[in-house]
Amino acid sequence: MTLTLPALPPFSLSSVTRSHGWLRLAPFAGDEEGTRLSRVERLNSGRMVEIEILEMNGGVTVDISGNPSQTELDEVAEKVTWMLGLNQDLSAFYAVARSEPKLAQVEDLAQGRVLRSPTVFEDVVKTILTTNTSWAGTIRMVEALVSQFGDPLPQDPSRRSFPTPRQLAQLDVQALRSVARLGYRAPYVLELARSVASGDLDLESLQTSGDPTEQVHGGLLSIKGVGAYSAANLLILLGRYDHIPVDSWARKLVSHEWHAGEPVGDAEVEAAFDHWGKWKGLAYWFWDWSYQAGG
DNA sequence: TTCCAGGGGTAGA
DNA sequence: TCTACCCATGGA
């Protein structure tokens, strides 16, 4: 079964999938160029499907394995729309970015959307697993969570979905330490899974929440394992760009660009992008993208 | 062996 | 608010 989903222009699938490293984290899979994105998904009905996303003129096509119902197709459409930010309007960002040579590429390349997981829960877990470890470590930990605790695709059991809060909540800290090698992050992930599974914490409402950003920010910071860096990173995924995820890379970027290679602190990073106002997080994100790409 | 990686929680000031 | 210290793991 194939769905066709339009996107607000400008749109480029590869610009979304290459917006950061999420494409490399299970259960996402895709080609090097980012022109094909697939994953295994467990639908609300319990059905396991593989979805494969390809770019078409003005949007994407979504191939779904098996013979899904209309309700299941609607669910996939909603998830893909969220993952790729198909209905995001970034024209105001492009308008201000035109004045900055370092961001000259964003409109032409249709950059600005950032690849998201289908659930906020998955993005919070993955963000926690990026902290104080190497990128290779993040890939390893996420892969372990999926391969050990996710649900298998019937026609290819080697491919699995991201575990649900309920699936992780029934584990214990020892399992997350010894099997998934999460280290000290294990209790954070477990506590998060349990509070979401029990209904005490509603993360998914953040996808559509109209609450003030500072309120959302505070809520994210109250999650154990989520500090300033992670909260800012998650806000960007939620389409709120008021904070910069200051980490060692951000300090390196700002040091190189504005401080002649001298070490800088968090205040200098914030100051460097402050004039971008509500777009500062996005300006940093794609400035950094350009910097890493060799610009 | 030592160091540290795209940080964060906690205690103590 | 700020600082010191600890945290598990794996790679260099």
Side-chain angles (χ1 to χ4, degrees), chain A residues 17-26 28 114-117 122-149 168 171-195 201 203 214 216-237 241 243-259 261 263-273 280-295:
Chain A
T17 56
R18 296 168 65 202
S19 57
H20 61 141
W22 256 212
L23 177 63
R24 305 281 166 239
L25 298 181
F28 280 124
V114 176
L115 180 64
R116 301 155 163 160
S117 302
E122 183 178 326
D123 276 338
V124 175
V125 171
K126 286 176 170 175
T127 299
I128 290 174
L129 297 186
T130 65
T131 58
N132 197 25
T133 186
S134 63
W135 179 238
T138 301
I139 292 175
R140 174 183 54 74
M141 288 185 270
V142 174
E143 173 63 30
L145 282 184
V146 171
S147 63
Q148 299 297 320
F149 308 121
L168 291 182
L171 302 172
D172 55 44
V173 170
Q174 196 49 42
L176 289 173
R177 283 187 197 273
S178 61
V179 179
R181 315 299 291 174
L182 298 191
Y184 70 90
R185 303 169 195 81
Y188 301 154
V189 170
L190 187 61
E191 182 176 331
L192 175 69
R194 288 182 174 167
S195 56
L201 178 63
L203 289 175
E214 289 319 299
V216 177
H217 189 227
L220 292 170
L221 284 173
S222 71
I223 299 170
K224 277 191 186 174
V226 175
Y229 161 78
S230 297
N233 191 66
L234 288 163
L235 282 180
I236 289 176
L237 290 172
Y241 313 113
H243 294 264
I244 292 179
V246 180
D247 57 10
S248 57
W249 283 35
R251 284 184 281 269
K252 180 181 164 192
L253 166 73
V254 172
S255 166
H256 178 265
E257 294 279 76
W258 292 285
H259 295 273
V264 299
D266 294 14
E268 286 83 357
V269 177
E270 294 285 345
F273 291 93
K280 77 192 261 191
L282 211 50
Y284 159 71
W285 195 281
F286 287 96
W287 197 297
D288 188 48
W289 189 96
S290 172
Y291 178 61
Q292 290 186 50

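To find a chain, count down the sequence lines: A is the first, B the second, and so on, and within it residues start at 1.
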Between [M] and [N], how far apart are the [atom1] atoms? Round to whole Å, please.
N       : M       : atom1 : result
dG8(B)  : dG11(C) : P     : 23 Å
dC2(C)  : dG6(B)  : P     : 26 Å
dG10(C) : dG9(B)  : P     : 23 Å
dC6(C)  : dC4(B)  : P     : 16 Å

Show each protein N/O and nucleotides 9-13 of chain B N/O combination with a separation under 3.5 Å, one pair to a line.
from, atom 1, to, atom 2, distance (Å)
dG9(B), OP1, G225(A), N, 3.0
dG9(B), OP1, V226(A), O, 3.3
dT10(B), OP1, K224(A), NZ, 3.4

(request) Taking heavy atoms of chain A and a 4.0 Å limit, find me the 5'-most and 3'-most nucleotide of DNA chain C within that range. (result) dC7(C) to dG10(C)

For [X], enumerate each residue passing the side-chain hydrogen bond (donor to acceptor under 3.5 Å, both in side chains) test, keeping only those at least two apart in sequence or located in another chain.
X       : answer
K280(A) : E270(A), D274(A)
S255(A) : none
R194(A) : none

Rounded to the Å, how far apart are [X] [atom1] and [N] [atom2]?
X       : N      : atom1 : atom2 : answer
Y284(A) : dG6(B) : OH    : P     : 12 Å
L129(A) : dA5(B) : CG    : P     : 18 Å
R24(A)  : dG6(B) : CZ    : C1'   : 17 Å
L220(A) : dG8(B) : CG    : P     : 12 Å
N233(A) : dG8(B) : CG    : C1'   : 14 Å
Q292(A) : dG6(B) : CD    : C1'   : 9 Å

(message) What's R185(A) touching, base or sugar-phosphate or nothing? Going by heavy atoms closer than 4.0 Å.
(response) base

(request) State which residues pass side-chain contact (heavy atoms from CB on, under 4.5 Å) with E214(A); sequence neighbours excluded, sorted by chain then number. (result) H217(A), H243(A)

(message) According to side-chain contact (heavy atoms from CB on, under 4.5 Å), who are the partners of A186(A), at least two apart in sequence or on a separate chain?
(response) V173(A), L176(A), R177(A), L182(A)

(request) Indicate yes or no: at least one non-hydrogen side-chain atom of T130(A) is less than 4.5 angstrom from one of D247(A). (result) no

(request) Taking the side chain as every heavy atom from C-beta outward, state whether F149(A) and V179(A) have any atom pair closer than 4.5 Å. (result) yes

Side chains of residues 224-236 of chain A: which donor-acceptor pairs under 3.5 Å do they make with residues two or more places apart or in other chains?
from, atom 1, to, atom 2, distance (Å)
N233(A), ND2, T127(A), OG1, 3.4

(request) Quick one: list whatever passes ring-ring contact (aromatic ring centres under 6.0 Å, His included) with Y241(A), sequence neighbours left out. (result) W279(A)

(request) Could you check which residues of residues 134-149 of chain A get a heavy atom under 4.0 Å from DNA chain C? Sort them by number, please. (result) R140(A)

Show every donor-acceptor pair shorter than 3.5 Å between a side-chain atom in residues 134-143 of chain A and any protein atom, with sequence neighbours excluded, or say none if there are none.
from, atom 1, to, atom 2, distance (Å)
S134(A), OG, G137(A), N, 3.1
T138(A), OG1, L129(A), O, 2.8
T138(A), OG1, S134(A), O, 3.4

(request) Return the set of residues passing salt bridge (Lys or Arg N to Asp or Glu O under 4.0 Å) with R251(A) (not counting sequence neighbours), or none when no residue passes. (result) D266(A)

